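Just so we're clear, the structure is a prediction, and the values are computed from it rather than from any experiment.
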Amino acid sequence: MIIQNQNPSSDGYYMPAEYAPHTGTLLIWPTRPGSWGKDPSKAQEAFVKIAEALAPHEKVYFLADNEHAEEAKSSLGKNAEVLKIPTNDAWARDVGPTFVTNGHDVRGINWKFNAWGGDVDGLYADWEKDDTAAAAFCDALKKDFYDFNDFVLEGGSIHSDGEGTLLVTEACLLSAGRNPKLTREQIEKKLCDALGAEKVLWLPYGIYNDETNEHVDNVCAFVKPAEVVLAWTDNESDPQYAMSKADHDYLSGVTDAKGRKITIHKLPIPDKPILITEEDLSKYEFEEGEDVRDTGERLAASYVNFYFGNEIALIPQFGGENLSSDKRALDIMRKLCPDREIIGIDSREILLGGGNIHCITQQIPIQKGNTR
């Protein structure tokens, strides 16, 4: 059921941290040729690996259209429940609902989705199915939801500590293709009203060449209250260096909603930039109006694009020349999250699609009395 009030915070609802307990995780079965290739089987294998890792700990849901639902069910087996809800692509973080809670009940938020920029710099021309997926999923779960259909936002552009603080990037939320008629202050108020936040931390930048206008979930994430991991490089000639340093300088000078200074843990990006090869590009089929990748294009690879499940964390792994940096990322996350099993997921195929593990997952927080 749609809740017409556009101020969940006045109802006592807030967005919990991702590391808080979940009842489940939402993903979408990948099939779009422009993201996952004419043969999406390799990408689908990566999605299945994620479902296999999550399933022992929480309920896993997948959306799929009628044409691919049986394929998804066959591949996922008992690891996920497949719901027949069509989408244009498989970015559950961005097209799925953001869930909020009052500590007892859970409700969804349906943001307006316009393919990361609409007519200004959107990544494909038709996003109608994506824009209806959040409401359809809330209906399937019998969750009431707030309808923010006048406000463009993707789940990957916000990160919550569950204690009143949000992380965002200026590059994304102030981009011309999202909410150009709103001021920064109006955007901030909308976020606070919707997500029960008291303070928004505006990082200047995300990851270099991130086609989402630099989502925050690729560059910085809370690992616990007042502690974040920040994508980093010590290579001053790398274009990421100046971007990450600006973020580091900003975070070093602010406090969270409770007045605490932010502890920053550097999580280095892959040592070797990951570039699209001619062989990679030959596997894709792009629709008219869809963003076309180029041979040699640098992908926005970051280990920050991980996902917290119950008792686990799923960390991107890129392989090839980056085996040592893959291991380094796992080691760092093990030190930061000693109470979780740290699981590396081969995610280069997801990266080729335009994102990573966090981009394709959306957490569903627990409802009181229900942990599965």
Please list all pairs passing the salt bridge (Lys or Arg N to Asp or Glu O under 4.0 Å) test where one or both residues lie in [range], with sequence neighbours left out.
| range | answer |
| --- | --- |
| residues 7-30 | Asp11-Arg107, Glu18-Arg93 |
| residues 233-249 | Asp238-Arg298, Lys245-Asp249 |
| residues 25-38 | Arg32-Glu287, Arg32-Glu290 |

Is there a donor in the side chain of [X] and an acceptor in the side chain of [Y], or the other way round, less than 3.5 Å apart?
| X | Y | answer |
| --- | --- | --- |
| Thr255 | Lys199 | yes |
| Asn305 | Asn218 | yes |
| Glu58 | Thr25 | yes |
| Gln186 | Lys181 | no |
| His68 | Asp65 | yes |

[Y] ring center within less than 6.0 Å of [X] ring center:
| X | Y | value |
| --- | --- | --- |
| Trp116 | Tyr124 | yes |
| Tyr307 | His22 | yes |
| Phe113 | Trp127 | no |
| Phe99 | Phe145 | no |
| His358 | His159 | yes |

side-chain contact (heavy atoms from CB on, under 4.5 Å) between His265 and Glu227, intermediate numbers included: CA-CA 8 Å; His265 303 283; Glu227 289 193 32; 2.8 Å; yes

Is any side-chain heavy atom of [X] closer than 4.5 Å to a side-chain heavy atom of [Y]?
| X | Y | value |
| --- | --- | --- |
| Ile28 | Pro30 | no |
| Leu27 | Tyr61 | no |
| Ile276 | Tyr284 | no |
| Thr23 | Pro365 | no |
| Ile315 | Ser347 | no |
| Leu83 | Phe137 | yes |

With no hydrogens and no angle check, is any side-chain donor or acceptor of [X] less than 3.5 Å from a backbone partner on [Y]?
| X | Y | result |
| --- | --- | --- |
| Asn213 | Ser175 | no |
| Thr87 | Ala90 | no |
| Ser160 | Met15 | yes |
| Ser302 | Ile269 | no |
| Ser157 | Leu153 | no |
| Asn356 | Ala301 | no |
| Asp256 | Arg260 | yes |
| Asn7 | Ser10 | yes |
| Gln317 | Asp326 | yes |
| Thr169 | Tyr205 | no |

At their closest point, which heavy atom of [X] faces which heavy atom of [Y], and how far apart are they?
| X | Y | value |
| --- | --- | --- |
| Ala134 | Gly96 | CB-C, 3.8 Å |
| Val216 | Leu167 | CG1-O, 3.6 Å |
| Thr98 | Gly155 | OG1-CA, 4.5 Å |

Could you list the residues that satisfy side chain to side chain donor-acceptor pair (under 3.5 Å) with Asp89, not counting sequence neighbours? Ser35, Trp36, Trp91

Should we count [atom1] of [X] as having more than 12 external heavy atoms under 6.0 Å?
| X | atom1 | value |
| --- | --- | --- |
| Lys129 | NZ | no |
| Glu45 | CD | yes |
| Lys49 | NZ | no |
| Tyr146 | OH | yes |

Working for side-chain contact (heavy atoms from CB on, under 4.5 Å), residues Glu211 and Asp291: CA-CA 9 Å; Glu211 59 191 3; Asp291 184 60; 3.2 Å; yes

Flag yes if [X] and [Y] sit in one hydrophobic cluster, no otherwise; membership is Ile, Leu, Val, Met, Phe, Trp, Tyr, and two members link when side-chain heavy atoms are under 4.5 Å apart.
| X | Y | result |
| --- | --- | --- |
| Val152 | Leu182 | no |
| Tyr208 | Leu174 | no |
| Tyr303 | Tyr19 | yes |
| Ile350 | Leu281 | no |
| Leu26 | Val106 | yes |

To the nearest 0.5 angstrom, please state how far the [atom1] atom of [X] sits from the [atom2] atom of [Y].
| X | Y | atom1 | atom2 | result |
| --- | --- | --- | --- | --- |
| Cys138 | Ile2 | SG | CD1 | 10.0 Å |
| Asp126 | Glu288 | CG | CD | 12.0 Å |
| Asn179 | Asp150 | CG | CG | 8.5 Å |

Quick test of your reading of the model: are [X] and [Y] salt-bridged, counting only N-O distances below 4.0 Å?
| X | Y | result |
| --- | --- | --- |
| Asp280 | Arg348 | yes |
| Lys190 | Glu185 | no |
| Arg334 | Asp331 | yes |
| Arg184 | Glu170 | yes |

Aromatic rings Phe47 and Phe62: how do their planes relate, parallel, tilted or perpendicular, breaks at 30° and 60°? tilted

Positive for side chain to side chain contact (heavy atoms under 4.5 Å, CB included) with Phe308, one of Leu314, Thr361, Val223: Val223

What's the verdict on side-chain contact (heavy atoms from CB on, under 4.5 Å) for Gln240 and Asn235, showing C-alpha distance, side-chain angles and the deciding distance? CA-CA 8 Å; Gln240 186 60 45; Asn235 180 2; over 6 Å; no

Ring pair (Phe, Tyr, Trp, His ring centres under 6.0 Å) partners of Tyr14, counting only residues at least two apart: none

Show me the side-chain donor-acceptor pairs of residues 70-77 shorter than 3.5 Å, one per line, residues at least two apart or across chains.
residue, atom, partner, partner atom, Å
Glu71, OE1, Trp29, NE1, 2.7
Ser75, OG, Glu71, O, 3.1

So Glu341 and Glu311, side-chain contact (heavy atoms from CB on, under 4.5 Å) or not? Walk me through it. CA-CA 6 Å; Glu341 180 184 3; Glu311 302 170 344; over 6 Å; no

